[in-house]
Structure formats: structure tokens, C-alpha cells
There are 2 protein chains.
Amino acid sequence: MTRPDLAEVARRAGVSAATASRVLSGRGPASTASRDAVRRAAAELGYVPHPVARRLARGAGTRILFAVRDRRAGILHDPYVARAAAAMAAAVDPDGLGVSLRRLPLAATTALEAVAADRSVAAVVLAGHDRGLLDHLPAGLRGRTAAIGAGGTDVDSAAGIGALLRHLHDTGRRRIALVSGPRWLAASGAPLRAYTELTRAAGLPSRVVTGDFTAERGRAAAATVLRRWPDTDAIATVSDATALGVLQGLAAAGIRVPQDVAVTGFDDIPLASAYPGLSTATHPVEPIAQAAARAALGAPAPRRLFPSRPVLRATT
Amino acid sequence: MTRPDLAEVARRAGVSAATASRVLSGRGPASTASRDAVRRAAAELGYVPHPVARRLARGAGTRILFAVRDRRAGILHDPYVARAAAAMAAAVDPDGLGVSLRRLPLAATTALEAVAADRSVAAVVLAGHDRGLLDHLPAGLRGRTAAIGAGGTDVDSAAGIGALLRHLHDTGRRRIALVSGPRWLAASGAPLRAYTELTRAAGLPSRVVTGDFTAERGRAAAATVLRRWPDTDAIATVSDATALGVLQGLAAAGIRVPQDVAVTGFDDIPLASAYPGLSTATHPVEPIAQAAARAALGAPAPRRLFPSRPVLRATT
DNA sequence: CTGTTAGCGCGTTCAG
DNA sequence: CTGAACGCGCTAACAG
């Protein structure tokens, strides 16, 4: 009742273990005859390859590390991170691999060298990076690292948020503030550029407050906006959580939404539709995370941005 | 510049590889002298054991499989599942392990047998189970499987939801409906029993609608409740997503919350506090998932339920 | 195209 | 307490 072995399959098929290996792993040549024999023997015996042995022999690791660079330890509880991690964990299951999750400090180089030295790590998916980090990867990580977000596998946030901004403008909003992402993050650039271009082209004032994707900062940002620019008639954000915080902040100040101030988010988290009907743009986190995981494992990196569509609801 | 090997450490320490192994893995005896020598040699060489080789030699797998039983394929995108998967992926990182995520159909026995045959799986964490599944695990999975939810590592949902129900009663609600979890799920039992006991003890009518943790079903459930029992003055649910759906459904019917009908959720998802201030109860998903992962890997299973506290906000 | 021979790096008998 | 030898299951390099 013991599990059949590659050697046993080979014996039964009347070939050597090497040939059986070539057939079953799909690498290397094999005649049609032995191919059939091996496949049949494997099927009859109910042979299941041993992924761990396979990886050891090949010198490859058994897990992909999802490394998230952030200053907050709590980042690993972030819904975005969790969604991406889960999507990758589902994507690599068929390959017999697993996903590990780790936070990296903003100065991540040292930590990445330790990662490169860990033989159990097959590949790395990096999030929260800035420009420099990707260019200065440890040599051992080249070719098996993929970035998720700006510079890597990413959503077309400029298009999604740009469309929302245009809609605000089309519906008469003229003093639009933006709660952006943190400065140390590469992914903060695209939405900010989209905002800058649009306000410049339309001759609108530029009103930017730096946020960090949390609801708390959204609340604070709303207060800041109201204090510095009391006549603001729309607040765009780069995350639904922040937008919900903004809604709270506006409510606390007695501002009506959308009559006095319109609000938009980004991410289209499932609950954004539920209540109170937040206007936002879609963010296909799961497909992106999957593509990043595959790219890290050697698949060709998708050479386009994943589309983002505006979703208009009650807050605009 | 090649990575040092156990053999190299042994050579440098002047002992055999076997002794070095015994020292570094902590199993088997070793004299103080050789112990020190090996440790020093390892430190000097910067030796890092190879987790994959270690696992292969020991016959252990390299990943824990988070298997979620559900009828919907989309369950893997559920926020609860994602949070738990991410927490486990962070928890097992130090051990060099990864997490894979897979859905199991309601009739899961066959699928579990395939899992048992997969040598890359070190342990299994099961969610969405019912009574029978845990009692009829494949023999190969015994001792390396932990359940998350009722019957395993679980939150004290009866206490959390019970406290919310008591609060509704204390504040004058007398016709309280419950949107429960699905019947095929073991975890649906505890909240339902808490509800039944409380309504019976207080002489209140029993009004139960079956839900499934989604916002959509929450919307539908609100409509059902209003139709069947128009004088309902409170709706308790077993998930925040459902509660947000209920709020939508009530809003669509022109019902005021909490004046006409109070609403409670369960889970305390981060955004429940943001807007519109949903009353709910805490659900420490991350610690629970961590504990389940450790239990599956052989740690003693926590012998108590994880506490749930009511969090009262605007909807009650 | 195929078989033989070496590993991959470590754990674990079993004598001594 | 220690070392030699073998096993884990598979793949890669090399002749043929």
C-alpha cells in the first residue's frame, strides 16, 4: 500500500528511471513508444510525483514569497495585501507551491539579500516598492522576482482615476482636491500625474493632500481640505478605505454628499457597492496578483496595464 | 562563494555530518564539545540549512493547504478567506513553509483523499466543514489537519452575537429577526442556538431567515423579513457583509435605521467602523488562522474559543 | 533517443 | 556518544 515511486513506474514500463522522468516531467526527448509505456504505467499505478524531491533535485525552492514593503507592521492585515496573497496562494496551488507573506522595511536591501540566500524561496513578488528597489535587486533574485504595482504588473490607475476626475469635471465640479498615496511609493505617481495633468489642462486649482490608503488618514484629510480650501466641491482619493474615511470626516463637519462635495474612491472593494454607494473605479487585484506570481515563476510578464473602469454610484 | 553545506560545517568542526546534523537539528545526543564545535563552525561559515532537503529527508511536506469547503467557486475571493490565508502565510514564513488555497466542493471526501496523497502538503487547515467531514478524514490526514470554525479553532460567536442580541433586547427591541448562516455549515449552529435560547427565554417570537454571508443575500433577507414580519424592529446578522446588505434593503424600502429597525453585524471588518458606523462584534480572524495553522503543524490546539466583544455604533 | 552514474542536502539507522 | 552507509525521490550530465 506504499505510494509508487518513479523507479517503480520505470520498472513497470520497462525503461530506466531517467526516461520515465523525462516523460513525466516533459523535459527532454522520448520516443513515442516509451512515452506511452511510461504514461500507462504511471496511470495504472496511480503515480503521483513528489514535488519536494523534484524541487530539491532541480535546485528550486518550494514557495513564493510575497514581500510587502511598508513602514507599518500592520500592513500585512491590509485588505489589499490579503486579497493579493490569497489570489497567489490559489494560483500556485496546482504547481505544488505555497505562498509566504512578509513585511519589508522601507530600507529593504538587506532583507532582500537574506531572501536571496534562502533556498526554499522559489520566487519573489514585491509590493510597495519604489523606483530604486527594482533596479538594485540582489543578483540572486534577478529573473525570479516580479513587482506588483507601478513598474511591474499593475492596474491602470491613471485611466481609472482619470475617468473619475473627468466625470467630476463634466458634472460641474471645479475645485477638486486629491488625497494621494504616500510619497515613498512608486504606485502613487500615476494617479498624481493624472490629477496634475487634468487640473492644469482645465485650469483648475491643484489641491493635494498626502494619504496612506487608510480610513483614518481619509478622515484627517477631509478636515485638512476643509480647513485649507473651504470652497472645495469634490474630493478624489486613491483608495476606497480612504474615501470612506473622507465621507466620515465630511459627515462630522456637516457637509452633504454629493450636494456640497462629491467623493470618489478607488479599488471597488466588494463592500463599496453595498453601502453607501461609493463612486469608485475597479481594481482587478486577483488577476494582477496571479499574473505577478506567474511572472515571478518565469512566465512572460504581461506587457500591458490591467484596465480600470469607473463605477458611478451615490457619492457623485 | 557557494553556500556552505552541512558536510562543510562538519568538516570544519572536525566531526561527521551525522553529528553535525544531530546538533543543528536538535535531535539526538551530542557531547558538549562537539556541540560547541559544530555551532561555532556553522556560525563562522554562515551556514543556513536547506529547508527543502530537510523536508525531503524527513518525509514532510513544504506547504500547508488551506482548504475551504463551499458551493461557490468565488468563495476564494471572500474577504474572510483572504484574511485567514494571509495570516497563515505570514505565520508559517519563519518555518520556511508556504500556504496554498483551494476550494473543496460540499462533497469533499474524494478531494481530501487526493490531498492526503500529495506529499508536498505538510498539513491541512479546513474551513467550511460540517460535523461529518471532521469525523471521516482520510487516515493519511489525521494528526496533521486542523479545522477553523465550529469544532476547531473558533471565535466565540455565540457570546459575541448573544451580547448584541441582549443589547437589542435591553434597548427595547422585541421583534428581532436573525439572518443566519447556511445550514450545511457547522459554524452556523452556535449563533442560531444563541438566538433561539434568548428569544425563548425572553418570550420573543422567532424569526429566522437563512443567509450565506454575502451582501446580496442580506438585501434579499431584509425584503423577506419585511414581507413576512412587517413589525420587525431589529435585524441581527452573522456577518458584516450581510448586515450592509440588510441596510441597503431597508433603505430601499424607506425604513429608517435605527429608529424603525436596528441592525447588527458580525466580524468587525475594518470598514464597518468607517461608514455608516455598523454595530457589530469583533472576530479575531488573524489570530484564529495562525492558531489553526500551528495546530495543523502539530502544536497543541487551543482549548478555548477566541473571545468576541460587541462594538456598538450608529445602527443600534 | 536511452541508460548509467552522480548528485541535490540532509536525516537516520546501526554498529562500534 | 559517534561515524559510516544508506535512504528520501527525482533530475542533470554524460556516454553510447
Side-chain angles (χ1 to χ4, degrees), chain A residues 2-39 41-42 45-63 95-97 117-122 140 298, chain B residues 2-39 41-42 45-63 95-97 117-122 140 298:
Chain A
T2 173
R3 263 170 219 311
D5 189 79
L6 180 63
E8 195 171 333
V9 173
R11 214 175 303 130
R12 177 165 191 133
V15 300
S16 74
T19 299
S21 168
R22 283 186 282 253
V23 171
L24 294 175
S25 69
R27 341 187 136 203
S31 69
T32 318
S34 49
R35 195 179 301 279
D36 289 347
V38 170
R39 292 235 170 93
L45 290 168
Y47 169 74
V48 180
H50 194 318
V52 181
R54 198 171 244 189
R55 294 261 153 194
L56 174 62
R58 200 178 294 172
T62 58
R63 56 174 177 157
D95 300 329
L97 300 176
D118 185 339
R119 317 285 290 270
S120 72
V121 174
Chain B
T2 172
R3 256 163 227 313
D5 187 83
L6 181 63
E8 194 172 333
V9 173
R11 214 175 305 129
R12 176 162 190 136
V15 300
S16 74
T19 299
S21 168
R22 283 187 279 253
V23 170
L24 295 175
S25 67
R27 338 188 146 203
S31 69
T32 318
S34 49
R35 194 179 301 278
D36 289 349
V38 170
R39 294 236 169 94
L45 290 169
Y47 169 73
V48 180
H50 193 316
V52 181
R54 195 170 245 185
R55 293 261 154 193
L56 175 62
R58 200 177 295 170
T62 59
R63 57 175 177 156
D95 300 329
L97 300 176
D118 184 341
R119 318 284 291 268
S120 72
V121 173

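- For A/D95, the side-chain contact (heavy atoms from CB on, under 4.5 Å) partners are A/L97, A/R294, A/L297, not counting sequence neighbours.
- Between the CZ atom of A/R11 and the P atom of C/dT4 there is a distance of 13 Å, rounded to whole Å.
- Pairs engaging residues 45-60 of chain A under the salt bridge (charged side-chain N to carboxylate O under 4.0 Å, His left out) rule: none recorded [sequence neighbours left out].
- With sequence neighbours excluded, the residues that form a side-chain contact (heavy atoms from CB on, under 4.5 Å) with A/A37 are A/A13.
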How would you summarise protein contacts on nucleotides 7-16 of chain C per nucleotide, using B for base, S for sugar-phosphate only and - for none, with heavy-atom distances below 4.0 Å? BBBBSBB---
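- Interface limits on DNA chain D: the 5'-most and 3'-most nucleotides within less than 4.0 Å of chain B heavy atoms are D/dC1 to D/dG9.
- Side-chain contact between B/H50 and A/L56: present, with at least one pair of heavy atoms (C-beta onward) separated by less than 4.5 Å.
- Under the side-chain hydrogen bond (donor to acceptor under 3.5 Å, both in side chains) criterion, A/R12 pairs with A/E44, not counting sequence neighbours.
- With sequence neighbours left out, A/D5 forms a side-chain contact (heavy atoms from CB on, under 4.5 Å) with A/A7, A/E8.
- By the side-chain hydrogen bond (donor to acceptor under 3.5 Å, both in side chains) test, B/D118 pairs with B/R63, B/S120, sequence neighbours left out.
- Contact between the side-chain N/O atoms of A/S34 and the OP1/OP2 oxygens of C/dT2 is found at a separation under 4.0 Å.
- From one end of the helix from C/dC1-D/dG16 to C/dG16-D/dC1 to the other, with five pairs defining each end axis, the axis direction shifts by 30° (rounded to 10°).
- With A/R22 contributing its side chain and A/A30 its backbone, the two residues share no donor-acceptor pair below 3.5 Å.
- Within 4.0 Å (heavy atoms only), B/V52 reaches no atom of the nucleic acid at all.
- Residues satisfying the side-chain contact (heavy atoms from CB on, under 4.5 Å) criterion with A/A57, sequence neighbours excluded, are absent altogether.
- By the side-chain hydrogen bond (donor to acceptor under 3.5 Å, both in side chains) test, B/S25 pairs with no residue at all, sequence neighbours left out.
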